[in-house]
Amino acid sequence: SAEEPPSVDLITLTRHVLNDQLRLGSAATGDLTLLLTAIQVTSKFIATNVRKARLINLVGLAGETNVQGEEQKKLDGLSNDIMVNALRASGKTAVLGKYCVVFDPLDGSSNIDAGVNIGTIFGIYRVRPDSSGSVEDVLRPGSEMVAAGYTMYGSSANLVLSTGSGVNGYTLDASLGEFILTHPNITIPPRGKIYSFNEGNAMYFHPPVTAYLKSIKYPAAPKSPYSARYIGSMVADVHRTLLYGGIFGYPNDKKSKNGKLRLLYEAFPMAFLTEQAGGIATTGTKRILDIVPTNIHERCSVFLGSRDDVLDVIKFYKEIPVDS
Ligand code: P6P
């Protein structure tokens with residue numbers, strides 16, 4: 001069939017965010033738009049290098065370990081450096097500007113060598129009025145973030161973003177070097193049919209989690225069981241949950257007392273997006289965005305996704321004591 005003529009009314013991420021900011025009235029100075037441009041540059045750079053990682057020997061270990069003692073991949077270090085440099089150059093982050101950005105430059109990077117989708121996750125706070133940028137500016141509840149998002153590197157580069165009025169998805173058109181709006185107003189279905197947990201931890205799960213999983217794997221007739229989908233890369237599992245619905249969970253358990261996922265740069269941004277898309281994000285007993293961090297690398301228990309599915313989990317936590 002004849003190819004469609006090229007669109008001449010491209011809604012790029014920059015144009016879409018700018019419209020958003022202009023809609024907010026004169027308070028918008030374009031600073032957030034410029035900051036998001038820096039994040040786009042980072043995403044394009046990482047997308048290119050993830051794609052050719054094999055070709056230029058960028059896979060494999062960098063021979064260093066990160067703050068959590070996890071082996072760093074070469075691409076991890078590269079991604080972190082491009083993010084820091086691009087944010088600094090934007091002049092919009094503390095100490096120069098009025099924003100602080102928390103980010104995981106390449107989340108799920110242990111999957112790089114297997115060709116599994118990985119991603120950059122970020123959350124943006126406005127610096128507190130009397131501060132010129134210090135760690136206290138990010139030891140604040142996720143509810144105080146002004147924007148959050150991720151870029152998933154897979155068959156294409158998908159940037160999913162919220163600046164506080166809904167969630168939009170953009171796909172990188174590499175020939176233009178632009179992120180184009182492809183998923184306007186992402187909304188999570190109120191209930192899904194997919195659950196996404198690492199059941200290899202089932203031996204350690206607290207009773208409410210075990211009871212919840214049993215209820216969706218062995219439902220009373222006439223209900224049918226949920227499907228299991230677990231990729232082991234948070235960005236990929238959350239992206240599927242936002243689009244298809246269902247529930248993603250990485251609960252704390254008897255082995256990982258505080259859970260595994262990091263509060264500031266994994267749980268908060270994903271919880272922000274989930275709520276903006278009409279879903280719920282909880283630790284099981286508390287709204288994730290209400291948590292006040294005490295240190296930048298702290299971990300937390302995570303359940304997020306379709307409103308009714310997550311409400312089911314909360315019900316089990318209310319009925320069954322965690323240490324029973
Ligand atoms: P597990 C990747 O290392 C990560 O931080 C998240 O991207 C992912 O959801 C989780 O850990 C996977 O952990 O224990 O299932 O391998």
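For ligands, and for the atoms within them, numbers begin at 1 and follow the listed sequence. If you read the sequence from its start, that first residue is 1, and numbering goes on from there. Scope of the values below: all heavy atoms of this structure, side chains included, with no hydrogens, waters or symmetry mates.
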With hydrophobic residues grouped by side-chain heavy-atom distances under 4.5 Å, do F303 and I291 end up in a single group? no
Of all the atoms in ligand 1, which lie at a distance below 4.0 Å from a heavy atom belonging to [X]?
{"X": "G108", "answer": "2 (C), 7 (O)"}
{"X": "Y230", "answer": "1 (P), 12 (C), 13 (O), 15 (O)"}
{"X": "M234", "answer": "6 (C), 7 (O), 8 (C), 9 (O)"}
{"X": "N198", "answer": "1 (P), 14 (O), 15 (O)"}
{"X": "D107", "answer": "5 (O), 6 (C), 7 (O)"}

Kindly say whether N201 contributes a backbone atom to a donor-acceptor pair with the side chain of K255 at under 3.5 angstrom? no
So does I82 get a backbone contact from the side chain of N85, meaning a donor-acceptor N/O pair under 3.5 Å? no
Would D237 count as a contact residue for ligand 1, given that I'm defining contact as a non-hydrogen atom of the residue lying under 4.0 Å from a ligand atom? no
Have a look at E266, M270, K260, R299 and point out the one with the heavy atom closest to atom 11 (O) of ligand 1. K260
Do the charged groups of R262 and D107 touch, with an N to O distance under 4.0 Å? no
Indicate yes or no: does an N/O atom of [X] lie under 3.5 Å from an N/O atom of ligand 1?
{"X": "L261", "answer": "no"}
{"X": "N201", "answer": "no"}
{"X": "S233", "answer": "no"}

Can you tell me if K217 has over 12 outside heavy atoms packed within less than 6.0 Å of its NZ? yes
Which is it for R262 and ligand 1 at heavy atoms under 4.0 Å: side chain, backbone, both or neither? side chain
Other hydrophobic cluster members with V116, side-chain heavy atoms of Ile/Leu/Val/Met/Phe/Trp/Tyr under 4.5 Å, chained? I231
Which pairs with one or both residues in residues 235-248 pass side-chain hydrogen bond (donor to acceptor under 3.5 Å, both in side chains), sequence neighbours excluded? Y150-H239, S196-D237, S196-R240, D237-R240
Would you please indicate if the ring centroids of Y226 and F197 are separated by under 6.0 Å? no
